[in-house]
Amino acid sequence: MRILVTGGAGFIGNHLCRSLLEKNDGEVLCLDNFFTGNSKNIEDLNSNPKFKIIPYDITDTDVRLDVKITERVDQIYNLACPASPIHYQFDPIKTIKANTLGVINVLEFAKLNGATVLQASTSEVYGDPLEHPQKEIYRGNVNTTGPRACYDEGKRVAETLFSDYNREFGLPTRMARIFNTYGSNMNVNDGRVISNFIVQALKNKPLTIYGTGKQTRSFCYVEDLVGGLERLMNSNLTLPINLGNSKEITISELAKKVIEITNSESEIIYKKLPEDDPQQRQPDISLAKRSLKWTPVVRLEEGLKKTVKYFEKVV
Ligand code: NAD
Ligand code: UDP
């Protein structure tokens, strides 16, 4: 089996490539434009003859993916898209291109290869949700014109494209609605809350809470998430499915936990809440439990300790 991971040098992507190399005999192709991806994340994999890096941008309209990759591919995980708000808002038009032009490029390549293709969708398709916890049947509350739209509307269009390629061409498609994920190999300047808090705490700098800190998220450890993605890929589920940890926590509680675990002298300061920042988020994962027999096992404290160990080495 030859497996392609787009965005393979990114945070989730590098863990996925490593896990796929461990479990499969075939090649793993890691495609990335290195916008937020880091070659250090995959340095240890370079010596593996089954691992190949393909520098490429999925929005490239001059050289299509099937010209770039001539080997036959059996499975594709499409992760190529910046995921942190500061990075996906840096060049919003590029972000929406990754989720439209880029997704079509990947889907066409999958069709040509007869490959099963999995889209890294997101809890952001629910926007600032009016239903809690979020079930897959909830259709969301998204601002089409706000600063997050390039990402969350982009990911919604991507789900539409995946569904249409499945209906029109019978392409085996999978869609994982990934909720907030954290762990080792996040960039120091990733900008998402867990990496920000840990880096700030390790430097004894103030932890920056945006807004009141009463907003909630539910954080999943990356190894759990990767297991869910692999199970989904190898299932026959074509409808979107939530993958995340259902333990919900406020951002204030998270800040306190990080200070405690790192034994930090940091204080907490409050900054402006970004526009359209979702107030409450918690996945209903009963579908994943039932149909994939998947449930996350790493508790937040345990995952945070592992993540702190990683950041201690890089900060
Ligand atoms: P990340 O930013 O660390 O990784 C994204 C990777 O894609 C990077 O290596 C980046 O260089 C690459 N990339 C970006 N645009 C590209 C393009 N046009 N062509 C080729 N490569 C490109 O983010 P992550 O946290 O690893 O997220 C991976 C995927 O999972 C993303 O699609 C994201 O939307 C989705 N997701 C992540 C989370 C999370 O909490 N981490 C939650 C929901 C969804
Ligand atoms: N956040 C925060 N301080 C930070 C970074 C983020 O308080 O330094 C907040 C952010 O406003 C949001 C939550 O933490 O309410 C999660 O933010 P993140 O960017 O990690 O993920 P997302 O908003 O995409 O869920």
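First listed ligand is number 1; within each ligand, the first listed atom is number 1.
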- Note on the structure: Contact region, E124 to ligand 2, non-hydrogen atoms below 4.0 Å, reads side chain

- So, E248 and S218: side-chain donor and acceptor under 3.5 Å apart, yes or no? no

- Message: Taking 4.0 angstrom as the limit and counting only heavy atoms of N180, give me the atoms of ligand 1 inside it, by number and element.
- Response: 40 (O)

- Item | Region of T208 that comes within reach of ligand 2 [heavy atoms, distance under 4.0 Å] | both

- Item | Subset of ligand 2 atoms that lie under 4.0 Å from at least one heavy atom of I209 | 7 (O)

- Message: Distance under 4.0 Å to a non-hydrogen atom of Q215: what atoms of ligand 2 satisfy this?
- Response: 9 (C), 11 (O), 15 (O)

- Message: Using a 4.0 Å cutoff against the non-hydrogen atoms of F34, which atoms of ligand 1 qualify?
- Response: 11 (O)

- Message: Quick check: closest heavy atoms across Y126 and N242, and the distance to 0.1 Å?
- Response: OH-OD1, 2.8 Å

- Atoms of ligand 1 less than 4.0 Å from S121 heavy atoms? 43 (C), 44 (C)

- Output the list of atoms in ligand 2 that are nearer than 4.0 Å to some heavy atom of N196, sorted by atom number. 4 (C), 5 (C), 8 (O)

- Item | S84 heavy atom under 4.0 Å from ligand 2 | no

- Flag L31 as yes when one of its N or O atoms lies below 3.5 Å from any N or O atom of ligand 1, and as no otherwise. no

- Within a distance under 4.0 Å of any heavy atom of P274, pick out the atoms of ligand 2 and give their elements. 11 (O)

- Can you list the ligand 2 atoms lying under 4.0 Å from a non-hydrogen atom of F197? 3 (N)

- Query: If we only count N/O pairs under 3.5 Å, is Q200 in contact with ligand 2?
  - Reply: no

- Message: Only heavy atoms of Y56, strictly under 4.0 Å: list the atoms of ligand 1 that pass.
- Response: 19 (N), 20 (C)

- Pair E124 + R177, salt bridge at N-O below 4.0 Å: no

- Output yes when the distance from some N or O of ligand 1 to some N or O of I178 is under 3.5 Å, and no in every other case. no

- Counting from 1 in the order shown, the ligand 2 atoms closer than 4.0 Å to a non-hydrogen atom of D277 are 10 (C), 11 (O), 12 (C), 15 (O)

- Task: Say whether G10, considering both its backbone and side-chain N or O atoms, lies within less than 3.5 Å of an N or O atom on ligand 1.
- Result: yes

- Message: Is there a polar contact, in the sense of an N or O pair closer than 3.5 Å, between N180 and ligand 2?
- Response: yes

- Query: Nearest non-hydrogen atom to atom 36 (N) of ligand 1 belongs to which of Y151, F179, Y182?
  - Reply: Y151

- Task: Would you please classify the geometry between the F219 ring and the Y182 ring as parallel, tilted or perpendicular, with 30° and 60° separating the classes?
- Result: perpendicular

- Message: Give the atom numbers and elements of ligand 1 that come within less than 4.0 Å of a heavy atom of A120.
- Response: 29 (C), 30 (O), 32 (O), 35 (C)

- Going by atom types alone, do N99 and Y88 pair a side-chain donor with an acceptor below 3.5 Å? no

- Within the structure, does P85 bring an N/O atom to less than 3.5 angstrom of an N/O atom in ligand 2? no

- Query: Numbering the atoms of ligand 1 from 1, which are under 4.0 Å from a heavy atom of I58?
  - Reply: 17 (C), 18 (N), 19 (N), 20 (C)

